[in-house]
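The structure under discussion appears below in the form of structure tokens.
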Amino acid sequence: MITGKNYIGTALSAKGDVTYKTFNPKLNIENQNTFTEATPAEIEMACILAERAFHRFKNYSGKDKAEFLNAIADEILALDDVLIQTYCSETGLPEGRAKGERGRTVGQLRAFAELVAEGSWVEASIDTAQPERQPMPKSDIRKMMVPLGPVVVFGASNFPLAYSTAGGDTAAALAAGCPVIVKSHPMHAGTGELVASAIIKAAEKTGMPNGVFSNLNSSGIEVGAQLVKRQEIKAVGFTGSIKGGRALYDLAAQREEPIPVFAEMGSINPVVILPEALKNRGEALAKTYASSITLGTGQFCTNPGLILGIKGDMLSNFITKLSEEIIKIEPTCMLHPNIIGAYESNKEKALAQPELTLSVDYASEVQANYARQAITTVKGSTFIENPTLHQEVFGPFSMVVQCESTTQLEQVISNLEGQLTGTVIADNNEASNYTEVISALQNRVGRIIYNGVPTGVEVCPSMVHGGPYPSSTDSRFTAVGIHSIKRWVRPFSYQDWPNDLLPNELKNENPLCISRLVNNQQTTMKL
């Protein structure tokens, strides 16, 4: 049952008088449930409870946190069809996508549960004392990762489960020992409340402190801004637009105590198609990329919005075939009228730029909130000179840049802003002739793909989902996979500390049997 209230710790609250509803983009009507905007008093209480909870939660064992995370996964699955149908009604996305994203969300939670149950993720390091060392004795120094404190997570519009209430940011922060306050995304507040209820049930069943999790509703930006300003909050997780992420980043930097904002933002994900690949596989590549550009109505942060090649007949043929293939694909529904409004506006802005050619634009009538896919093309020199062409058009839109030479191709890449991904399409041994191009691409992205498509982000330890600014605010970290936990911790050292007062991770006897770096040797042995 959806109440439309805010979860302030374990309590449901609806003190405010500002309300709003979610929207069904497929039916083009409002959904029935009414949600109440969180008040300043509710924001304050959620932050106070989170700070109180942190003093206990940070000391919970990995086993206890793993039990909590697994319980969240179980409770999400227990929501069954109610969650799936709510998800679909708030997004216009199909049931298969909803179930797939639920599976990914549950899988992330269980992966972090396994990580913290084992325990070596804290990177325990011990350098034992050398009291007889000359000319100066050496102290006993031990280090491990410790949680930052309460974290605010902003739900993402395009992933109501995997990047939202119990998504990767929340799972990683809870695994680290940080209480979480979610600023629910207004486009899928019902989905968010259902998932929040699952987290609260799991917290109660596993004995977590009240305030370890809260979920606050808001139709605008004010609640999020207030949360970031609160002194109890020690870090922020965000997935969304460059404008939104940068605003939060600036707000956090202006605090008396600045805090980190880990934002995953815009990306056009350049794809470099080398000449031999175009010659031998141009038609097949056109079909593949027509599908990738329109996948999920182009509403993925890894959507291939920029295709780069060397000008010539092969690239011209590819553009023609790509245009033919993409126009065969039936348009699909975008997440919300606001999102398709932004898509149409950004597409029009791009099309208004001088020397940009529209190769194809879906011209037939479509239902309300369904996006018309488009392919454009431009010369390399024009692209370099016009930064407006570098901006993301979030939706089923892609631009093919025709470069005069390999040198210009490298220049185009070097002039790009930071990106989440870059892709190289090459035939056998072809890539070895383009090392400078590939090096330039590597310098602008967080993940480089060979002979594939960027859409699809595998959740595994080796995945990097991040990149140079503005694709993310800190390219040293990933927002996907178990190593994303590193965003919510800091290194902490104990010097000459009594063994019985040390955390279990650093005690001589190694009671957790974790892998530790002891005097520069990795070992699970006790001292």
(request) Working to the nearest 0.5 Å, report the span between NZ of K321 and CD of E283. (result) 4.5 Å

(request) Decide yes or no for E95 and Q85: does some side-chain heavy atom of the first lie under 4.5 Å from some side-chain heavy atom of the second? (result) yes

(message) Rounded at 0.5 Å granularity, tell me how far CD1 in I293 sits from OG1 in T288.
(response) 10.5 Å

(message) Do L248 and V152 have side chains that approach each other closer than 4.5 Å (heavy atoms only, starting at C-beta)?
(response) no

(message) Is the terminal nitrogen or CZ of R281 (NZ for Lys, CZ for Arg) located under 6.0 angstrom from the six-membered ring centre of F318 and within 45° of that ring's axis?
(response) no

(request) Check V82, L79, T191 against Y87 for a side chain to side chain contact (heavy atoms under 4.5 Å, CB included) and give me the one that passes. (result) T191

(message) Set out, in order, the CA-CA distance, both residues' side-chain angles and the distance that settles side chain to side chain contact (heavy atoms under 4.5 Å, CB included) for E355 and N386, then state yes or no.
(response) CA-CA 10 Å; E355 299 184 54; N386 187 350; over 6 Å; no

(message) What verdict does the ring-ring contact (aromatic ring centres under 6.0 Å, His included) test give for F383 and H390, after you've listed the backbone C-alpha separation in whole Å, the side-chain angles of each residue and the deciding distance to 0.1 Å?
(response) CA-CA 7 Å; F383 183 85; H390 303 195; 4.1 Å; yes

(message) Looking at E123 and K143, is there a salt bridge between them, counting it only when a charged N and a carboxylate O are closer than 4.0 Å?
(response) no

(message) For a quick check under 3.5 Å, do Y163 and R104 share a side-chain donor-acceptor pair by atom type?
(response) yes

(request) Decide whether E90 and T22 meet the rule of one side-chain donor and one side-chain acceptor closer than 3.5 Å. (result) yes

(message) So P186 and F35, do their side chains get closer than 4.5 Å, heavy atoms only?
(response) no

(request) Flag the pair N70 / R110 as yes when at least one side-chain heavy-atom distance between them is below 4.5 Å, and no otherwise. (result) yes

(request) Could you grab the distance from atom CD1 of I233 to atom CZ of R255, nearest 0.5 Å is fine? (result) 7.5 Å

(message) Walk me through whether T377 and Q402 qualify under side chain to side chain donor-acceptor pair (under 3.5 Å).
(response) CA-CA 7 Å; T377 184; Q402 302 185 64; 2.9 Å; yes

(request) Output yes when a side-chain donor or acceptor of S414 lies under 3.5 Å from a complementary backbone atom of E410, and no otherwise. (result) yes

(message) If we count only N and O atoms by modelled type, under 3.5 Å, do the side chains of S472 and E264 hold a donor and an acceptor together?
(response) no

(request) Enter the distance from N451:CG to D427:CG here, rounded to the nearest 0.5 Å. (result) 7.5 Å

(request) Please name the pair of heavy atoms, one in N215 and one in F213, separated by the smallest distance, quoted to 0.1 Å. (result) CB-CE2, 4.0 Å

(message) Measuring from atom CG of D361 to atom CD1 of I327, what distance do you get when rounded to the nearest 0.5 angstrom?
(response) 7.0 Å

Under 3.5 Å, which donor-acceptor pairs link side chains of residues 391-398 to any protein atom two or more places apart or in another chain?
unit_1: Q391; atom_1: NE2; unit_2: P387; atom_2: O; d: 3.2
unit_1: S398; atom_1: OG; unit_2: P304; atom_2: O; d: 2.9

(message) Determine whether S267 and S471 satisfy the following criterion, side chain to side chain donor-acceptor pair (under 3.5 Å), listing intermediate values before the conclusion.
(response) CA-CA 5 Å; S267 185; S471 62; 5.7 Å; no

(message) Once rounded to the nearest 0.5 Å, what's the spacing between atom OG of S316 and atom NZ of K311?
(response) 8.0 Å

(request) Apply side chain to side chain donor-acceptor pair (under 3.5 Å) to the pair E37 and S219, showing each step before the final yes or no. (result) CA-CA 7 Å; E37 188 116 359; S219 60; 3.0 Å; yes

(request) Given salt bridge (Lys or Arg N to Asp or Glu O under 4.0 Å), test K328 with E324 step by step and report yes or no. (result) CA-CA 7 Å; K328 295 177 185 177; E324 291 172 354; over 6 Å; no

(request) Give a yes-or-no answer on whether the side chains of T421 and T302 include a donor-acceptor pair shorter than 3.5 Å. (result) no

If you look only at distance, which donor and acceptor atoms sit under 3.5 Å apart when one is on a side chain in residues 168-178 and the other is two or more places apart or in another chain?
unit_1: D169; atom_1: OD1; unit_2: R487; atom_2: NH1; d: 2.8
unit_1: D169; atom_1: OD1; unit_2: R487; atom_2: NH2; d: 3.0
unit_1: T170; atom_1: OG1; unit_2: T165; atom_2: O; d: 2.9

(request) From the options T105, I76, T86, select the one residue that forms a side chain to side chain contact (heavy atoms under 4.5 Å, CB included) with V195. (result) I76

(request) With the side chain counted from C-beta on, respond yes when E101 and P160 share a heavy-atom pair under 4.5 Å apart, and no when they do not. (result) yes

(request) Report yes if the side chains of M334 and N369 come closer than 4.5 Å at any heavy-atom pair, otherwise no. (result) no

(message) Are R246 and F238 packed together at the side-chain level, in the sense that at least one heavy-atom pair is separated by less than 4.5 angstrom?
(response) no

